[in-house]
Asker: 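One structure, as structure tokens, below. Some questions next.
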Number of protein chains: 2
Amino acid sequence: MQNITVILVQPQMGENIGAAARAMLNFGISDLRLVAPRDGWPNERATAMAAGAFETMPDVQVFDGLKDAITDCHICMATTARARGMVKPVQTAHEAAQSSIAPYESGERIALIFGAERAGLSNDDIALCQSMITIPTNPEFSSLNLGQGVLLIAYEFWQALRDKTTSAPSCNNTPAPQEKLEGFLSRLETELETHDFFKSPDLKPTILRSVRNMFVRGGLTEQEVRTLHGILSAFTK
Amino acid sequence: MQNITVILVQPQMGENIGAAARAMLNFGISDLRLVAPRDGWPNERATAMAAGAFETMPDVQVFDGLKDAITDCHICMATTARARGMVKPVQTAHEAAQSSIAPYESGERIALIFGAERAGLSNDDIALCQSMITIPTNPEFSSLNLGQGVLLIAYEFWQALRDKTTSAPSCNNTPAPQEKLEGFLSRLETELETHDFFKSPDLKPTILRSVRNMFVRGGLTEQEVRTLHGILSAFTK
């Protein structure tokens, strides 16, 4: 599980950092990173709760911001208790682990990112991530603490990455109607033509296909297509 | 999950009983039975650790022996950290939950039985059970406490027995390392600033988050990031 990383963003209580370390190491994950822990690092209370985990793990790395903590990560998954108003795929812990099998096997580093105890992750932090993970719980009693969240997600990844079954992933967004996207893409092509972007006519179809792939794959919403139009206008007016 | 029962045999610490109650109720299991709890029942420390679970659950039942606690149970599963020298089927938590689907659907009561914190279940208690459940962990660091064991097993049963309707698979790309994407996004922000794109400073963070979301979500490859740089250069040279 060398390429799995757990990141705790602004953890408040040392006890929870220790519980998280113990939880993840039970399932073979030993790369723990902290972003701006409230009480600094190292932390005696964390050590007391870790049941010896820190002695077996590499040194915990500490960063000022989440952006700095994920520079070498290929896939960033934000854990969240509530659906946010963000356009991101939301997966259950089980689905997230299953969908990580292929990238994990091709050597990509996967970061599992947890927010502060009460507040969770900020929208800015979630924006750094490709997708969100949620743990389905009893709607009448949903009360998982940080250590429990880390435990369950680490468990699912351990189960999935040891078992290595296969799944057939696909995107799950709510994209704009195709014509909206086409409108943007054809305007982009015209503007690129005007700005002499296509040095070689032979390569033009390949480049256009690549550009299309990027935008199609993300499943852009109508609002996002409007934003892209705005950006294009800013550069071309 | 009415027909799932959790039984703690000779639990020592009230805190662990509370943690077990909280853990199981998160996954819809509300029938908790205790066999000869060391400190009697009720227990203030249990209440303090339960995060309100006892207020939502039916009364905890207390018994002198495991045999009395399981009279109405159809299937008894003994949880164990180590394989014992007993001739019983041993299943992982996942397998045990999967194999419970059919009996559960036909109305049988299933008991998940946990032993004392250190000693675990006695051989006599295990002899009352049809099968054993074990949770596969990191062989180099296997340190699950009672509350964590209940959490993981309750989670597997909840996953198996509740309706499996959701399936939200993710994108399957080979994304560039995070720092490559950051390089493009920060350049884009600078250029947008230069081109007077942000009419209102108040909206700038929201717009930037939206732009980031678009590009992060697609899981851009390194080649695609290079293409985006090229497009930006064409418009800004």
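In the text below, chain A, chain B and the rest are named by the order of the sequence lines, each starting its count at 1.
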Asker: Select, from A:His74, A:Gln223, A:Arg109, A:Met1, the one with the greatest count of heavy-atom pairs under 4.5 Å involving chain B.
Answerer: A:His74
Asker: Which of the residues B:Glu140, B:Glu191, B:Glu179, B:Arg22 is involved in the greatest number of heavy-atom pairs with chain A at under 4.5 angstrom?
Answerer: B:Arg22
Asker: Under a 4.5 Å cutoff for heavy-atom pairs, which residue among B:Ser30, B:Pro136, B:Gly28 has the most contacts with chain A?
Answerer: B:Pro136
Asker: Side chain, backbone, both or neither: which part of B:Glu182 has a heavy atom under 4.5 Å from chain A?
Answerer: side chain
Asker: Would you call A:Met57 and A:Leu32 a side-chain contact if the rule is heavy atoms closer than 4.5 Å?
Answerer: yes
Asker: Ring centres of A:Trp158 and A:Tyr104 under 6.0 Å apart?
Answerer: no
Asker: Quick check on the interface: out of B:His195, B:Lys237, B:Lys180, who has the most heavy-atom pairs with chain A under 4.5 Å?
Answerer: B:His195
Asker: Find out whether A:Phe157 and A:Met77 are in side-chain contact, i.e. whether some heavy atom of one side chain is under 4.5 Å from a heavy atom of the other.
Answerer: yes
Asker: With a 4.5 angstrom heavy-atom cut-off, which part of B:Ala53 approaches chain A: side chain, backbone, both or neither?
Answerer: both
Asker: Let me know if A:Ala69 has heavy atoms under 4.5 Å from chain B in its side chain, its backbone, both or neither.
Answerer: neither
Asker: Can you tell me if CD on B:Gln2 sees more than 12 non-hydrogen neighbours from other groups inside 6.0 Å?
Answerer: no
Asker: Got a second to check how far B:Ile135's CD1 is from A:Asn26's CG, nearest 0.5 Å?
Answerer: 9.0 Å
Asker: Who wins among A:Leu188, A:Leu128, A:Asp68 for the most heavy-atom pairs under 4.5 Å with chain B?
Answerer: A:Leu128
Asker: Given the options A:Leu144, A:Thr227, A:Thr194, A:Leu228, which has more heavy-atom pairs under 4.5 Å with chain B than any of the others?
Answerer: A:Leu144
Asker: Mind listing the closest non-hydrogen atom pair of B:Ala93 and B:Ile153 along with its distance?
Answerer: CB-CG1, 4.0 Å
Asker: Any heavy-atom pair between the side chains of B:Leu112 and B:Ile7 that's under 4.5 Å?
Answerer: no
Asker: Identify which part of B:Thr236 has an atom lying under 4.5 Å from any heavy atom of chain A, answering side chain, backbone, both or neither.
Answerer: side chain
Asker: If you apply the rule salt bridge (Lys or Arg N to Asp or Glu O under 4.0 Å), what do you find for B:Lys204 with B:Asp202, and how did you get there?
Answerer: CA-CA 6 Å; B:Lys204 184 176 163 184; B:Asp202 293 347; over 6 Å; no
Asker: Considering only heavy atoms and a distance below 4.5 Å, find which of A:Thr56, A:Leu152, A:Leu232 pairs most often with chain B.
Answerer: A:Leu152
Asker: Taking every heavy-atom pair that is under 4.5 Å apart, which of B:Asn138, B:Asn145, B:Ile207, B:Leu181 has the most such pairs with chain A?
Answerer: B:Asn138
Asker: Heavy-atom cut-off 4.5 Å, strictly under: side chain, backbone, both or neither for B:Glu156 against chain A?
Answerer: side chain
Asker: Given side-chain hydrogen bond (donor to acceptor under 3.5 Å, both in side chains), test A:Ser233 with A:Arg187 step by step and report yes or no.
Answerer: CA-CA 10 Å; A:Ser233 298; A:Arg187 183 178 162 213; 2.9 Å; yes
Asker: Relative to chain A, which segment of B:Phe141 carries a heavy atom at a distance below 4.5 Å: side chain, backbone, both, or neither?
Answerer: both
